[in-house]
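Here's the structure we're looking at; comments come further down.
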Amino acid sequence: MKFVGALLAGTDIRHGRYLIQIAGCNDCHTAGHMQNDGQVPEAEWLTGDAIGWQGPWGTTYAANLRLLFQQIDEKTWLAYVPPGEKVATPYFDFTPKNLPPGQ
């Protein structure tokens with residue numbers, strides 16, 4: 001995490017920008033990124049989103065990485081709603097559907 005933070009802090013912004021793009025960080029951590037086909041100003045990248053991401057793992061929420069990355073602990077990084085628990089916010093559901101029998 002310190003490596004990414006150093007890149008974002010300006011050590012070489014091009015490397016940080018590249019890492020963010022190929023890792024898909026904006027998909028979750030930038031509000032409206034997926035809904036707007038990635039057309040979000042760079043100034044809004046990694047500022048977090050209130051929409052949850054739900055799948056077999058439960059529901060996770062994407063934090064504002066610009067503010068938290070250097071001080072985030074593992075518990076905060078992995079904060080989520082366990083499978084089967086009620087979710088009170090909007091979320092995307094990544095639970096596989098229409099699988100062949102036996103899958």
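It should be emphasised that the depicted structure is a prediction, and the values quoted were computed from it without experimental measurement.
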Under the ring-ring contact (aromatic ring centres under 6.0 Å, His included) test, residues paired with Phe92 that sit two or more places apart: Trp53

Distance check, rounded to the nearest 0.5 Å: Cys28 atom SG versus Met34 atom CE? 7.0 Å

Looking at Leu46, Asp49, Thr47, which hits side-chain contact (heavy atoms from CB on, under 4.5 Å) with Asn26? Leu46

Tell me if the OH atom of Tyr18 is crowded by more than 12 foreign heavy atoms within 6.0 Å. no

Quick check: is Ile51 connected to Leu67 through a chain of hydrophobic side chains (ILVMFWY, heavy atoms under 4.5 Å apart)? no

Compare every heavy atom of Pro96 with every heavy atom of Pro56, then report the nearest pair and how far apart it is. CG-CD, 4.2 Å

Does NZ in Lys86 sit with more than 12 non-hydrogen atoms of other residues, nucleotides or ligands closer than 6.0 Å? no

Count I, L, V, M, F, W, Y as connected when their side-chain heavy atoms are under 4.5 Å apart, and connections chain through other members. Are Val40 and Ile20 then in the same cluster? no

Using every non-hydrogen atom in the two residues, find where His29 and Ala63 come nearest and quote the distance to one decimal. ND1-O, 2.9 Å

Is there a donor-acceptor contact under 3.5 Å linking the side chains of Thr89 and Tyr61? yes

Reported OG1-to-CD distance for the pair Thr95 and Gln54, which is rounded to 0.5 angstrom: 5.5 Å

Measuring from atom CG of Asn64 to atom CH2 of Trp45, what distance do you get when rounded to the nearest 0.5 angstrom? 15.0 Å

So, do Thr30 and Glu42 sit near enough that their side-chain heavy atoms are less than 4.5 Å apart? no

